[in-house]
Amino acid sequence: MRHPLGYIASDILSRYKRMSGFNVLHPMGFDSFGLPAEQYAVQTGIHPAESTATNIGRYKNQLFNLGLDYDWDREVRTSDPKYYKWTQWIFSLLFEHYYDLDKNKAIHISELDKIFSSEGNSNVNAANSQDTVFSASEWNSMEEKDKQVILMNYRLAYRKGTYVNWCEELGTVLANDEVKDGVSERGGVPVVKKTMLQWSLRITAYAERLLADLNTVEWSESLKLMQKNWIGKSTGLQMLFPIENSNENLEIYTTRPDTIYGVTFMVLSPEHPLLMEIVSEEQSQAVNEYREYAVNRSEIERTSEKKVTGVFTGAYAVNPLNGKKIPILTSEYVLMDYGTGAIMAVPSDDDRDRAFAEKFDLPIINIIDKSKYPGSTSKDKEGIMINSEDIDGMEVPDAIKYVIGKVEGLGIGKSQINYKLRDANFSRQRYWGEPFPVIYDDNDTAFLIPFDQLPLELPDIHHFKPGSDGRSPLASDQKWVNQIAGSTRETDTMPEFAGSSWYFLRYMDPHNDEKFVSPEAIEYWQDVDFYIGGTEHAVGHLMYSRFWHKFLYDLGYVNSVEPFKKLVNQGMIQGVIEYIYLLKDKENEGNQFVCASMIESDNLEKYAKIPVYIDYVKDHGLQHPYLDKEGIDKFRNWIPEYANAKFIFENGSYQNGELSSGTENFKLYTTYEVGKMSKRYYNVINPDDVVAEYGADTFRMYEMFLGPIEQSKPWDTKGIDGISKFLRRFWNIFFNEDGNIDLSDEKPIDSELKILHKTIKKVTEDIGNLSYNTAISAMMIFVNEFKNSEIVKKDIFIPMIKLIAPFAPFIAEELWNLTGGEGSVHHQQFPLYEEKYLIDSTVEYPICINGKKRGTEVFSADMSNADIEKYVREMELVGKWLEGKDIMKVIIVPKRMVNIVVK
RNA sequence: GCCGAAGUGGCGGAAUUGGUAGACGCGCUGGACUCAAAAUCCAGUGAUAGCAAUAUCGUGCGGGUUCGAUUCCCGCCUUCGGUACCA
């Protein structure tokens, strides 16, 4: 189990909010479909349904042990047919809608059918992947199956031969956010680009709204920025370059129309459909070979070694603005799935184009004079145009506008907005996911399974290995595939993000069999007020959820534009890795370890750092951690390779149980660094073990006390004693020497009330800011003040039990009962502070002269600033320091200081 | 490379957002209790000088604004995240 930082944080907040009178929905659910369970099934033969049920059971138990107070009657599991019925339903809705870019919302596909039959598609402004234009009469004379092919290009869930990330080892395709550095995020296995017939979601239709609405949510700036970059909006010009001796035009996209006179070559992506059409006879072999090379290069090869490669196609384009003949090349640095898959290359003002031009000896024309803009790089849109015919002398931004206008005027291009965001690949060739509610007829036309027949349940099969032909294990269940006469089922399943893109809505009404969520529940709960999760969801889950939510909003099923109003990324608990130093190049003399205090810091290459199991290390994670004799013996027994190793420390050495010198208490110092908790560093701290040793309350408070929840921080076992001590002290305050509780009705004195209310104020404010570590500090100060008090005054200590309840629910509940409290402490009103107890009747001001403290003085609280100033000017203390100087002004910082400024 | 965040004692981290830097906890030192240990309690704990009161320095480095800067501005350095042939 990962450290439950986020769970604890939200639990504290939800308990606090409940005690403050709010109706809190604090749910928990399980994203139980997906690759990990299925990979486990492939390895062990255990059905994923079975292993996920076991895992969830175990997991719930752990959560329960931590005192996490979830509404378990609202639990959802994405792999439950009662749940995924609605996931399938949302897919069906996506299938049945298209996106109207003028109205800026999703609209039923039947509307599109009407428009097509009355006016064709030329005036339709919709998100689409349709590349031909047809008239109404053409549409009306089409066969149904051809109409369906065209409609498919407009649907928000569409099936198309797309260029995808294929992962051979996992036997499935992956979405862009599931691929990192050319390997799969799960499992880290290689990914190649491949064209496959796949379902996709047209998330790009929502790109602009996904970008714009980021301004309406309370997320960290860095997270919003990640989403912005992932969406990657750019404005530019899409235009046609005629191809010499051909009827074809080459369509390119550029954000720098100003550089059009600097174009010295064109580059096509190796996968570009036009490539094989325009290639000249003498170049066709070379181009074919290059295509072969590029297509087979895996993503990881492409990204890790960026080679400058490419070949000439033998064809030429013509610059439409000045008629210049430009060679067309192909190179893998131009990506097929961004823009048009073709570029105009301007080597003078683009680094990649320049590298390419230099390697292949292509001309470079300088077109921008940047002498007026020192420090300006080729990426900055600034400078004065030169060598550029009619735009010479223009500033870059003006030139961009001018060229766009000119090209549009010629009717060979238009200004265009592009996004890096790609449509989301929605098919997985795996078993353990939601089946598509889709069947195909003989013409391969897709039809939805009627809603009243949902859920379409996963058949119970027992071999989970994906077929090597890129087909899902479901395809082998012929009975299921052909269940409906005259048609076949879709055998791919939906990806993991399908079920997790809307689960938060289901919590509002988890048992509804008639609706995904009732309108009343939506009206009542609205959206997620507070969402806590890891950064790993920055561009995956959070993007898809927002997209689905906006779609459901368009259809009127939800009434908020954004699903997650406020979002906090919790950090991770890291581990401390302890290392000892092995001398390299000592093979002949056997392994030798050297004490960390003796290593030559300027010669670190001489040593290999070997991680040590943290339990063997004394003073682990502290300033001077070390291995003693016992630790070394354990280490030797643990790794046989080092059983006979020699351990050299400051005053001797140790080998095979023999000490070279007299001292028994030797220390072999280690060094440590902070890193991941991982089996390979032998530094995993299991929450269950900590809970078993210290109790859940201590564990919860300690994880919160370590630092702000957004931050990752190392687990430091020693520090937990502080929290443990604090809770013990708090507990002990209530008991007298005989072990009995006797609460006193005696009224508290002013100074006691002051401490209490100061604490309540601090804790209340800190919970609101999620600053739990400082809230805990405040409670510690309280306990330090009262730990020796003889009488336990009710009016002081009962509120304190309530105050600590969100943090330490078990201890608080027990104390509440023992002190005769009614019901549960978690149903009590959280204490409120009263300002009157916070006011200091006297304030001790430091008196400073030019910021330097020269003494202190007590002023009563009812003195005005003017009174204080007058008083200060007459003070003896001041006079002593001010001889011969003029007082310029007196600055009174409320409750802080009085500063006298002198010349 | 680009974008973002952050650098404070031996350590995790506070600092009312321009106002006594280092709260709280760990660790360390000394003391009390104990035959002893553990536990508990008390005191100290940024550096330097001093018996001391106190003084000087001190929030990554170098400058600036200000009576006053961890906080604001300019220029660097380092670390951690994100992202990468996006035209």
Side-chain angles (χ1 to χ4, degrees), chain A residues 180-181 220-230 232-234 236-237 252-256 259 267 269 302-303 306-308 331-335 337-346 349-353 355-356 377 379 418-422 535 538-539 569 571 576 619 621-624 672 674 702 705-708 710-723 725-726 728-729 732 762 765 771 773-781 783-784 787-788 844-853 856 888-903:
Chain A
K180 278 222 161 73
D181 301 325
S220 72
E221 285 308 309
S222 63
L223 188 62
K224 287 192 203 175
L225 209 76
M226 266 189 238
Q227 290 226 336
K228 258 180 213 165
N229 291 340
W230 190 260
K233 181 180 181 173
S234 69
L237 173 68
I252 60 98
Y253 173 74
T254 178
T255 54
R256 296 298 300 273
T259 62
V267 188
S269 155
R302 282 196 182 197
T303 46
K306 278 172 204 156
K307 290 192 214 155
V308 183
S331 169
E332 62 177 336
Y333 83 86
V334 175
L335 306 177
D337 53 1
Y338 181 76
T340 60
I343 61 157
M344 62 177 216
V346 186
D349 284 274
D350 182 285
D351 296 340
R352 292 150 314 176
D353 294 348
F356 196 82
T377 67
K379 281 193 161 44
N418 264 351
Y419 301 93
K420 285 196 234 176
L421 185 72
R422 307 290 149 82
T535 352
V539 288
N569 288 120
V576 172
D619 287 354
L622 300 179
Q623 197 180 354
H624 300 296
Y672 70 90
V674 171
Y702 184 53
F705 185 66
L706 278 170
E710 298 94 333
Q711 258 173 48
S712 291
K713 50 231 160 181
W715 178 270
D716 167 13
T717 303
K718 284 279 178 187
I720 199 167
D721 286 341
I723 294 288
K725 237 185 268 180
F726 155 73
R728 216 158 40 231
R729 280 177 190 161
N732 286 337
K762 180 76 178 146
E765 285 172 356
S771 179
N773 53 337
T774 50
I776 294 168
S777 294
M779 292 191 280
M780 285 176 165
I781 294 170
V783 166
N784 282 338
K787 66 186 169 196
N788 295 324
E844 191 174 78
Y845 280 87
I847 307 295
C848 305
I849 292 163
N850 279 358
K852 294 225 188 326
K853 187 179 166 189
T856 59
M888 301 298 289
K889 56 182 169 178
V890 176
I891 297 160
I892 299 155
V893 182
K895 293 194 177 178
R896 285 306 245 190
M897 65 186 294
V898 175
N899 189 22
I900 301 157
V901 182
V902 298
K903 197 87 196 204

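Letters A, B, ... are given to chains in the order of the sequence lines, protein chains preceding strands, and every chain is numbered from 1. Atom set for the values below is all heavy atoms of this structure, side chains included, hydrogens, waters and symmetry mates excluded.
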> For a side-chain contact (heavy atoms from CB on, under 4.5 Å) check, start with the C-alpha distance between A:Asp350 and A:Thr259, then their side-chain angles and the critical distance, and finish with the verdict.
CA-CA 10 Å; A:Asp350 182 285; A:Thr259 62; over 6 Å; no
> Looking at A:Lys787, I'd like to know whether one of its side-chain N or O atoms comes within less than 4.0 Å of OP1 or OP2 on B:C42.
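Answer yes for this pair, as a side-chain N or O of A:Lys787 is under 4.0 Å from OP1 or OP2.
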> A:Ile781 near the nucleic acid: base, sugar-phosphate alone, or nothing, with a heavy-atom cut-off under 4.0 Å?
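Touches sugar-phosphate only.
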> OP1 or OP2 of B:C42 sitting under 4.0 Å from any side-chain N/O of A:Asn788?
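Checking B:C42 against A:Asn788, a side-chain N or O does come within under 4.0 Å of OP1 or OP2.
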> Tell me what A:Val334 touches on the nucleic acid: a base, only sugar-phosphate, or nothing, going by heavy atoms under 4.0 Å.
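Counting heavy atoms under 4.0 Å across all strands, the contact made by A:Val334 includes a base.
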> Any donor and acceptor pair, going by atom type alone, linking the side chain of A:Asp353 with main-chain N or O of A:Val346 inside 3.5 Å?
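Yes, the answer is positive, given that a donor and an acceptor are paired below the 3.5 Å cut-off.
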> From the options B:C24, B:G13, B:C26, select the nucleotide whose nearest atom is closest to the side chain of A:Asp716.
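Side chain of A:Asp716 sits closest to B:C26.
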> Give a yes/no on whether any side-chain N or O of A:Lys725 is located under 4.0 angstrom from OP1 or OP2 of B:C26.
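Yes, such a contact exists.
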> Can you check whether A:Val783's main-chain N or O pairs, donor with acceptor, with A:Arg729's side chain at less than 3.5 Å?
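Such a contact is absent between A:Arg729 side chain and A:Val783 backbone.
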> Quick check for you: among B:C85, B:G13, B:G27, whose closest atom lies nearest to any side-chain atom of A:Lys718?
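Looking only at side-chain atoms, A:Lys718 lies closest to B:G27.
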> Using purine N1 to pyrimidine N3 plus N6-O4 or O6-N4 for Watson-Crick, or N1-O2 and O6-N3 for G-U wobble, both under 3.5 Å, which nucleotide pairs with B:C80?
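Partner of B:C80: B:G4.
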> According to the Watson-Crick and G-U wobble definitions, with both distances under 3.5 Å, which nucleotide is paired to B:C28?
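The base-pairing partner of B:C28, which may sit in any strand shown, is B:G44.
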> For B:A14, give the paired nucleotide (Watson-Crick: N1-N3 plus N6-O4 or O6-N4; G-U: N1-O2 and O6-N3; both under 3.5 Å), or none.
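With both distances under 3.5 Å required, B:A14 matches none.
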> Would you kindly compare A:Ala778 and A:Asp350 by the position of their nearest RNA chain B nucleotide and give the one closer to the 5′ end?
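With A:Ala778 and A:Asp350 compared, the 5'-side residue is A:Ala778.
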> Quote, to the nearest angstrom, the C1' distance that separates B:G9 from B:U45.
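Looking at atom C1' only, B:G9 and B:U45 are 10 Å apart.
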> Which way is the base of B:U59 turned, syn or anti, if we draw the line at 90° from 0?
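Anti conformation for B:U59.
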> For B:G9, is chi within 90° of 0 (syn) or not (anti)?
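Here the answer is syn: the torsion falls within 90° of 0.
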> Any side-chain N or O of A:Arg728 less than 4.0 Å from the OP1 or OP2 oxygen of B:A39?
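No, outside the criterion.
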> Choose from B:A84, B:G13, B:A87 the nucleotide whose nearest atom is closest to any side-chain atom of A:Thr254.
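So the nucleotide nearest the side chain must be B:A87.
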> Could you work out the separation of B:G22 and B:A36 based on their P atoms and round it to a whole Å?
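One P to the other, the span is 39 Å.
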> When you get a sec, tell me which of B:G12, B:C67, B:A87 is the closest nucleotide to the side chain of A:Ser234?
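Shortest atom-to-atom distance from the side chain points to B:A87.
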> Over all heavy atoms of both residues, which pair between A:Thr717 and A:Ile720 is shortest? Give the atoms and the distance, please.
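For A:Thr717 and A:Ile720, the tightest heavy-atom pair comes out as O-CG2, 3.1 Å.
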> Under 4.0 angstrom, heavy atoms only, what part of the nucleic acid is A:Ile891 near: base, sugar-phosphate, or nothing?
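Touches a base.
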> Taking any strand in view, what nucleotide pairs with B:C33 in a Watson-Crick or G-U wobble way, both distances under 3.5 Å?
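Partner of B:C33: none.
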> Return yes if some donor-acceptor pair links the side-chain N/O of A:Lys713 with the main-chain N/O of A:Pro708 below 3.5 Å, else return no.
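Such a contact is found between A:Lys713 side chain and A:Pro708 backbone.
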> Let me see the working for A:Asp337 and A:Arg422 under salt bridge (charged side-chain N to carboxylate O under 4.0 Å, His left out), right down to the final yes or no.
CA-CA 8 Å; A:Asp337 53 1; A:Arg422 307 290 149 82; 3.1 Å; yes
> Do any side-chain nitrogens or oxygens of A:Tyr338 fall under 4.0 Å of OP1 or OP2 in B:A87?
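Yes, because at least one side-chain N or O of A:Tyr338 sits under 4.0 Å from OP1 or OP2 of B:A87.
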> Using a 4.0 Å heavy-atom cut-off, does A:Asn418 contact any base of the nucleic acid, only the sugar-phosphate backbone, or nothing at all?
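Nothing, no heavy atom under 4.0 Å.
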> Under 3.5 Å for both donor-acceptor distances, Watson-Crick or wobble: does B:A87 have a partner, and if so which one?
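Looking at the geometry, B:A87 pairs with no nucleotide.
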> B:A84, OP1 or OP2 - any side-chain N/O from A:Asn229 closer than 4.0 Å?
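A:Asn229 to B:A84 OP1/OP2: no side-chain N or O under 4.0 Å.
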> Would you mind classifying the nucleic acid contact of A:Asp351 as base, sugar-phosphate or nothing, using non-hydrogen atoms under 4.0 angstrom?
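Answer is nothing: A:Asp351 stays at 4.0 Å or more from every strand.
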> Under a 3.5 Å cut-off for both distances, is B:C61 Watson-Crick or wobble paired, and to whom?
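The base-pairing partner of B:C61, which may sit in any strand shown, is B:G75.
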> Just checking A:Lys762: base, sugar-phosphate only, or nothing, at a heavy-atom cut-off of under 4.0 Å?
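Touches nothing.
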> Kindly point out which of B:A14, B:C85, B:U83 is positioned nearest to the side chain of A:Pro708?
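Nearest to the side-chain atoms of A:Pro708, counting from C-beta on, is B:A14.
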> So what's B:G68 paired with, Watson-Crick or G-U wobble, going by both distances under 3.5 Å?
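Because no pair has both required distances under 3.5 Å, B:G68 counts as unpaired.
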> Would you kindly compare A:Gln711 and A:Thr340 by the position of their nearest RNA chain B nucleotide and give the one closer to the 5′ end?
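The residue whose closest nucleotide sits nearer the 5' end is A:Gln711.
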> Only pairs with both distances under 3.5 Å count, Watson-Crick or wobble alike; so what is the partner of B:G50 in this structure?
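When the pairing criteria are applied, nothing turns out to pair with B:G50, so the answer is none.
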> Please determine, for the side chain of A:Asn773, which listed nucleotide (B:C85, B:U83, B:A14) has the closest atom?
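Nearest nucleotide to the side chain: B:A14.
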